[in-house]
There are 2 protein chains.
Amino acid sequence: MLSMKTQYAFQALMYMAQQQHNRPVLIAEISEQKLIPIKFLENILLQLRKAGLLESKKGKGGGYYFAKQPADIKLSSVMRLLDGPIALLPCVSLNWYTKCKGCEETCCGLNKVMKDVRDASLAILETSTVADIAGTSLAKTPCI
Amino acid sequence: MLSMKTQYAFQALMYMAQQQHNRPVLIAEISEQKLIPIKFLENILLQLRKAGLLESKKGKGGGYYFAKQPADIKLSSVMRLLDGPIALLPCVSLNWYTKCKGCEETCCGLNKVMKDVRDASLAILETSTVADIAGTSLAKTPCI
DNA sequence: TATAAAGTCTACTAATTAGGTAGACAAATG
DNA sequence: CATTTGTCTACCTAATTAGTAGACTTTATA
């Protein structure tokens, strides 16, 4: 399961992407609307900013806004940033690969299956973006 | 990522399935061959036995053996048993469903994507078995 | 130029989980 | 009955997760 951190990050990014205006969005506003503990949310947004997904502005009229287009932020990037590997085994991770102790990868049946799972997941997570989950990527039929 | 517990469980199950004889397999033997801390392995095998996957015999000549056929043990069962949910979000879990705080599922884009990821993963994990990963399900070309 | 409204930063802390250990006990076999 | 094996209860430690406190900096604007 995704950590609360990542779950909150997705909620926050969706909320931001759904705003019509293009003023910066307040941490406090996101926190209230999405029921996310404010100090925790601060950390998360800061991390997203440092990774170059968001930008911020201090002082009155400040807040957070997108540094990259929501349509250019893959779900997989957010997950890797906050939760680390997407793969189920270290010997199958693209970004955090380490060899397994007891197993010879080239002939390990588990390795093969877990690679398939990884690829199947990534096929979705690398092509889905914040704009997609926010419902702002297509002409919008408002949600009933 | 899978916990060490689940990773060890897979190693142990593969090892057991690969034995040619049909005598019970010793905890100590699995532990040595697969480099798994023995006391930790005891717990894991016990858990697999209580769940009905394995059976055991005490005393001399004892050890663990399969209660179900390796070909009937899905990877998803082992994972659920030891690690819990396979889904990435609680609102998308088949076996441990809980509603998300801030979101209206029917119109949550994230929910939809994560359902797709779950289904893609399960398509593989529900059809792969211990026999598959042990390489004993087909006529065997020995691994080079 | 003071003040209030924002984000930033460092440093905690509490709870949970992961990973592992110790040792007495029970059952089976020969 | 002695030995070999799994069983059970109860721990323990370290890491991670989730969250909090509070002083600080920057900025707009009155």
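So that the names make sense, note that chain A is the first sequence line, chain B the second, and so on, each numbered from 1.
- For the side-chain hydrogen bond (donor to acceptor under 3.5 Å, both in side chains) test, no residue two or more places apart in sequence or in another chain qualifies with B:Glu32.
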Could you go through nucleotides 19-21 of chain C and list every protein N or O atom that sits under 3.5 Å from one of its N or O atoms, giving the distance for each pair?
unit_1	atom_1	unit_2	atom_2	d
C:dG19	OP2	B:Met4	N	2.9

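- Contact between the side-chain N/O atoms of A:Tyr64 and the OP1/OP2 oxygens of C:dT8 is found at a separation under 4.0 Å.
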### Query
Going through the distances and angles, do A:Lys34 and A:Leu41 end up as a side chain to side chain contact (heavy atoms under 4.5 Å, CB included)?
CA-CA 10 Å; A:Lys34 291 298 183 171; A:Leu41 181 57; over 6 Å; no
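- Straight-line distance from the CG atom of B:Leu48 to the P atom of D:dT7: 11 Å, rounded to whole Å.
- In this structure, B:Gln7 places its CD atom 12 Å from C1' of C:dA18, rounding to the nearest Å.
- When the C1' atom of D:dA23 is taken as reference, atom CD of A:Glu42 falls 13 Å away, rounded to whole Å.
- Side-chain heavy atoms closer than 4.5 Å link hydrophobic residues (I, L, V, M, F, W, Y) into clusters, and following such links, possibly through other members, connects B:Met16 to B:Met79.
- Following rounding to the nearest Å, B:Gln47 (CD) and D:dG6 (C1') show an atom-to-atom distance of 16 Å.
- When all heavy atoms of B:Ile38 and B:Ala28 are compared, the pair lying nearest together is CD1-CA, 3.8 Å.
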Donor-acceptor contacts under 3.5 Å from residues 54-72 of chain B side chains, at least two apart:
none

### Task
Using the side chain to side chain contact (heavy atoms under 4.5 Å, CB included) rule, take A:Cys108 and B:Met14 through it: C-alpha gap first, then chi angles, then the decisive distance, then the call.
CA-CA 10 Å; A:Cys108 173; B:Met14 284 169 73; 4.1 Å; yes
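- By the side chain to side chain contact (heavy atoms under 4.5 Å, CB included) test, B:Ser121 is found to be paired with A:Val117, A:Ser121, B:Val117, B:Leu125, residues two or more places apart in sequence or in another chain being considered.
- For the pair A:Met1 CE and D:dA18 C1', the interatomic distance rounds to 14 Å; values are reported in whole Å.
- Note on A:Ser56: every side-chain N or O is 4.0 Å or more away from OP1 and OP2 of C:dA6.
- Looking at heavy-atom distances under 4.0 Å, B:Leu45 makes no contact with the nucleic acid at all.
- Here A:Ser77 pairs with A:Lys74 under the side chain to side chain contact (heavy atoms under 4.5 Å, CB included) rule; sequence neighbours left out.
- A search for salt bridge (charged side-chain N to carboxylate O under 4.0 Å, His left out) contacts involving A:Arg118 returns nothing, not counting sequence neighbours.
- Heavy-atom contacts from other residues, nucleotides or ligands closer than 6.0 Å to NZ of A:Lys5 number more than 12.
- Note: CG (B:Leu41) to P (D:dT7) measures 11 Å, nearest angstrom.
- Checking the phosphate oxygens (OP1, OP2) of C:dG7, no side-chain nitrogen or oxygen of A:Lys50 falls inside 4.0 Å.
- Taking atom OH of B:Tyr65 as the reference point, atom C1' of D:dT5 lies 13 Å away to the nearest angstrom.
- In this structure, A:Thr6 OG1 and B:Leu88 CG are separated by 10.0 Å, a value rounded to the nearest 0.5 Å.
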Check the interface with nucleotides 12-14 of chain D: list each N/O to N/O pair with the protein under 3.5 Å, or write none.
none

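- The stretch residues 76-92 of chain B has no heavy atom under 4.0 angstrom from DNA chain D at all.
- With sequence neighbours excluded, the residues that form a salt bridge (charged side-chain N to carboxylate O under 4.0 Å, His left out) with A:Glu42 are A:Lys39.
- Distance CG (B:Leu54) to P (D:dT7): 10 Å, rounded to an integer number of Å.
- A:Leu81 is linked by a side chain to side chain contact (heavy atoms under 4.5 Å, CB included) to A:Leu48, A:Ala51, A:Leu53, counting only residues two or more places apart in sequence or in another chain.
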Considering only nitrogen or oxygen atoms on both sides, find all protein atoms under 3.5 Å from nucleotides 27-30 of chain D and state each distance.
unit_1	atom_1	unit_2	atom_2	d
D:dA28	OP1	A:Lys57	NZ	3.4

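- B:Asp83 meets the salt bridge (charged side-chain N to carboxylate O under 4.0 Å, His left out) test with no other residue; sequence neighbours excluded.
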